[in-house]
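Notes follow once the structure below has been shown.
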Amino acid sequence: MHDIKAILEDPEGANAALQRRHPDLDFSSLIELAERRRALTTQYSGLRHEQKTVSEGFASKTMSDEDRATLRGQLKELSTRVKGLDGELKALEEQLEHAALCLPNLPSAETPDGASEEDNKVVRTWGEKPTFDFEPSDHASLGEDLGILDFEAAARVSGARFALYRGLGARLERALASFMLDLHTEAHDYEELLPPYLVSRDAMVGTGQLPKFEEDAFRTEPDDLFLISTAEVPVTNIHRGQILEAGELPISYAAYSSCFRREAGSYGKDTRGLTRLHQFQKVELVHFAKPEESAALHERLTGHAEAVLQALELPYRVVELCAGDLGFAAQRCYDLEVWLPGQSIWREISSCSNFGPFQARRAGIRYRPAPGEKPRFVHTLNGSGLAIGRTVMAILEVHQLEDGGVRIPQALQPYMRVESIAAS
RNA sequence: GGAGGAGUGGCCGAGUGGUCGAAGGCAACGGUCUUGAAAACCGUCGGACGCGAGUCCCGGGGGUUCGAAUCCCUCCUCCUCCGCCA
C-alpha cells in the first residue's frame, strides 16, 4: 500500500513513478478520495467534540426535569448527525482503502525503464553453457524415460499441471530441499521455518495477493482460507501488526513449502513438464530490514540464491526487471534465469525482490529506530532460494549424460547418496 | 463439533453505563546522587489522524443508549472439560 500523505505532498512525482510501471495508472481518484476523507474527518471530529461537551453537562449537572428533557432532545439530534457522518466516513474509508490496495508499488529510482520483459537488463552471467556430443533432451523426456517423473499418473489423480515424482526423482526433490535449507541456515544465517500452507484472507492482503488477484489463488470453502502461492505469504505475515525492536533487524527466515497456483490465464502455456504446475515446492528466503539497509540486503539475498545455483553447477544469468515487468508489490527485482540446454532457453528459477515499505504498510509491520522514537515501517524482501521443481528441470537438462542418465553434482551427492541417476 | 471461562497499553493488572486513552506495578528511557554501579528519589513512558482546537483505537465487526472498555448480538483467538483424530 502507498503512503497517502506522501502522495498528497507530491502528486506529480507519484504519478510519474507509477506511470513508469504502467502508463494508464494514476493516483487521481485516490487523491480525490483522500481529500474528501480529510474534510469529512475534520467535520466529524468537531461534531464529536460538541457531542462530548454537551453530554458531559447532561451527566453531572443537577437540573429540572424540564431542562433535562430539552437537553436530551438536543443530544438526540446531535447523536443522529454524528451517526450519519460516521456512516459516510466509514463508506468513504472503505472505498479509499480498496482503491489503495489495488494500486501496485512504485518502482524504485534504480529500476530501469521499460514496458515488458524485452526491456529487462542482464546484469551478469555465471558459468558456461554446456555443450554436448549428442542432441540434449528436455527434462520431461529425460524424467519419464528414467522413470522418475510420471505426468500421466499425476493427471489421473489430479488433472493437468500436476507432477508425480517417483523413486530417485522423489528423493531428488527431498535432497534439494534439504541441501538448500542447510546451505541457507548454516552458511547464510537464516532461521528455518515450516509455515502453514493455508492462510487467512488478511494474510493474503498483507503481502499483496489480494484483493486484486483472487482468481490466481486456490480458495477453500466454507472457511475462506487460501492455499499459499509462496511461503512469502505466511512468513511475511508472521510479524503483522507488530512493532519490532531495531536491534532484532534484519530478521532472516528460510522456509520450505509447497506452493499452489491456479495459473488462470496461462492455458496452453508451458504445458510440458515441470515448468508451470498447480503445485510445486520452493525454499523461500524472507527478510525484514531497516529502510537504510534494504538495498544492500537485496544484493546479498540475490547472492544467497546464486550460491545454490553455483553449488549445483548450473549456469545462470541475473536479470534486473524493468519497471513495466515488476511484480505488483515489488519496487525492485532481480530474476535468476537458469540455462536449460534441452529447451535452449533461459528460465526463471528465482525472483529476488525488494518491496520497500509496501507490504509492511499493508500488514502493519513496523520497528522502533531507537527507544522513544516513533515507529517506522520496515522494508520486506524475499527471494526464491530456489524453486525446487525448476531446479530438478535444470539438473536433468544440464547434467544429462549421453546414455540418458543424469550426473548428480558433487554438492548434492551427500543428500542423494548416489553419483548419478542411471538409465535402465 | 458440544459445554464452560477468558481476551485492557512492551508485560502484569484495576476498571461493570458518564469527567477513562484508561489506576497501580514491572520493564524501558532521561536525570539527581555516586569514583563507577546498585539502591533510592524526580521526570518521561501505546498507536493513528489533524495546521490546530481536537478526534479515533480497550481482540474484529455490528447493535442498544443522549453517552459504551463497561450492556446485547456475531465472528476470531486462547484456556478447561467432553467428543473425534495423525
Side-chain angles (χ1 to χ4, degrees), chain A residues 1-9 30-101 194-206 210-211 220-226 234 237-249 251 258 288 357 360-378:
Chain A
M1 201 153 62
H2 293 93
D3 182 353
I4 291 176
K5 222 196 281 183
I7 290 167
L8 288 174
E9 271 165 28
L30 196 71
I31 289 170
E32 198 212 305
L33 286 168
E35 277 167 351
R36 271 170 58 204
R37 178 182 62 172
R38 181 179 285 182
L40 253 185
T41 305
T42 309
Q43 211 183 327
Y44 176 80
S45 129
L47 199 60
R48 267 297 274 172
H49 182 55
E50 188 184 342
Q51 184 189 31
K52 281 182 149 181
T53 319
V54 180
S55 191
E56 237 168 76
F58 185 85
S60 53
K61 291 200 185 83
T62 47
M63 59 181 86
S64 68
D65 288 353
E66 204 177 314
D67 289 347
R68 212 170 179 80
T70 316
L71 193 54
R72 180 187 289 265
Q74 223 184 83
L75 278 166
K76 179 80 185 164
E77 197 234 306
L78 258 177
S79 169
T80 310
R81 281 168 59 202
V82 166
K83 276 181 185 153
L85 256 185
D86 187 48
E88 259 183 80
L89 193 55
K90 286 217 168 103
L92 185 63
E93 267 170 354
E94 206 167 295
Q95 264 186 70
L96 178 62
E97 185 177 306
H98 185 77
L101 286 173
L194 200 153
Y197 292 1
L198 288 168
V199 297
S200 68
R201 184 171 281 276
D202 285 345
M204 293 284 278
V205 171
L210 295 184
T220 67
E221 205 54 90
D223 299 300
D224 205 37
L225 292 170
F226 293 82
N237 279 284
I238 288 173
H239 295 297
R240 77 172 11 255
Q242 293 192 321
I243 299 175
L244 304 165
E245 291 304 320
E248 45 184 335
L249 298 175
I251 296 173
S258 292
F288 301 82
R361 194 171 271 117
R362 291 173 158 248
I365 309 169
R366 293 174 291 177
Y367 79 105
R368 201 179 296 283
E373 278 187 46
K374 281 179 92 67
R376 297 183 63 193
F377 288 107
V378 300

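Throughout, protein chains are lettered first and strands after them, A, B, ... in sequence-line order, and every chain is numbered starting at 1.
Separation of the P atoms belonging to U65(B) and G60(B) is 23 Å when rounded to the nearest angstrom. Rounded to whole Å, the separation between the P atoms of G7(B) and U70(B) comes to 12 Å. Rounded to a whole angstrom, the distance from the C1' atom of C73(B) to that of G18(B) is 24 Å. Between C45(B) and C26(B), the two C1' atoms lie 13 Å apart (nearest whole Å). Taking the C1' atoms as reference points, A23(B) lies 15 Å from U19(B), given to the whole Å. With C1' as the reference atom, C79(B) and G30(B) are 41 Å apart, rounded to whole Å. A39(B) sits 42 Å from U77(B) when the C1' atoms are compared, rounded to a whole Å. Across G13(B) and C57(B), the matching P atoms stand 25 Å from one another, rounded to whole Å.
The two atoms that bring Arg368(A) and Glu373(A) nearest to each other are NH1-O, 2.9 Å, heavy atoms only.
Checking the phosphate oxygens (OP1, OP2) of A48(B), a side-chain nitrogen or oxygen of Lys374(A) falls inside 4.0 Å. OP1 or OP2 of G67(B) lies within a sub-4.0 Å distance of a side-chain N or O belonging to Ser79(A). At A53(B), none of the side-chain N or O atoms of Lys52(A) fall inside 4.0 Å of OP1 or OP2 (strictly under the cut-off). When the side-chain nitrogen and oxygen atoms of Arg368(A) are compared with OP1 and OP2 of G47(B), one or more of them lie within a distance under 4.0 Å. Between Arg48(A) and the phosphate of C56(B), there is a side-chain N or O to OP1/OP2 separation shorter than 4.0 Å.
Nucleic acid contact for Arg38(A): sugar-phosphate only, since backbone atoms but no base atoms lie under 4.0 Å from a heavy atom of the residue. Using a 4.0 Å heavy-atom criterion, one finds that Glu245(A) contacts no nucleic acid atom at all. Note on Thr42(A): a base of the nucleic acid sits closer than 4.0 angstrom, heavy atoms only.
Within the 4.5 Å cutoff, the side chain of Leu96(A) has heavy atoms near those of the Ile4(A) side chain. The closest side-chain heavy-atom distance from Leu47(A) to Glu50(A) is below 4.5 Å. Contact check for Asp3(A) versus Arg361(A): side-chain heavy atoms found under the 4.5 Å cut-off.
Toward the 5' end of RNA chain B, the nearer of the two residues Leu75(A) and Leu8(A), judged by each one's closest nucleotide, is Leu8(A). With RNA chain B read from its 5' end, the first of the two nearest nucleotides for Tyr44(A) and Thr41(A) is the one closest to Thr41(A).
Scanning residues 93-101 of chain A for heavy-atom distances under 4.0 Å to RNA chain B yields an empty list.
In this structure, Glu248(A) places its CD atom where more than 12 heavy-atom neighbours from other residues, nucleotides or ligands lie under 6.0 Å away.
Taking the side chain of Pro375(A) as heavy atoms from C-beta on, and the options G47(B), C66(B), G54(B), the nearest nucleotide is G47(B). Closest to the side chain of Ile243(A), out of C56(B), C51(B), G47(B), is G47(B). The side chain of Lys83(A) lies closest to U65(B), out of C66(B), U65(B), C56(B). In the set U19(B), C49(B), G67(B), the nucleotide with an atom closest to the side chain of Lys5(A) is C49(B). The listed nucleotides are G62(B), C56(B), A48(B); the one nearest the side chain of Arg366(A) is A48(B). Comparing atom distances between the Lys76(A) side chain and each of C66(B), G50(B), G54(B) picks out C66(B) as nearest.
In terms of modelled atom types and a separation under 3.5 Å, the side chain of Asp223(A) and the main chain of Leu225(A) share no donor-acceptor contact. Ser79(A) contributes no side-chain N or O that, together with a main-chain N or O of Leu75(A), makes up a donor-acceptor pair within less than 3.5 Å.
Classification of Glu9(A) and Lys5(A) as a salt-bridged pair fails, no side-chain N sitting under 4.0 Å from a carboxylate O.
When rounded to the nearest whole Å, the span between CG of Asp86(A) and P of G61(B) equals 12 Å. Distance Ile365(A) CD1 to G47(B) P: 18 Å, rounded to the nearest Å. Atoms CD (Glu50(A)) and P (A53(B)) sit 18 Å apart, rounded to a whole Å. Rounded to whole Å, atom P of G47(B) lies 14 Å from atom CG of Leu244(A). To the nearest angstrom, P of C66(B) lies 6 Å from CZ of Arg72(A).
A stem is defined here as three or more consecutive Watson-Crick or G-U pairs, each with both distances under 3.5 Å; for RNA chain B these stems are B:1-7 with B:76-82, B:10-12 with B:24-26, B:28-32 with B:40-44, B:46-49 with B:54-57, B:59-63 with B:71-75.
Within 3.5 Å, a donor on the side chain of Ser55(A) pairs with an acceptor on the base of G18(B), or the reverse.
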Task: Verdict with supporting geometry, Gln95(A) and His98(A), side-chain hydrogen bond (donor to acceptor under 3.5 Å, both in side chains) - done: CA-CA 5 Å; Gln95(A) 264 186 70; His98(A) 185 77; over 6 Å; no

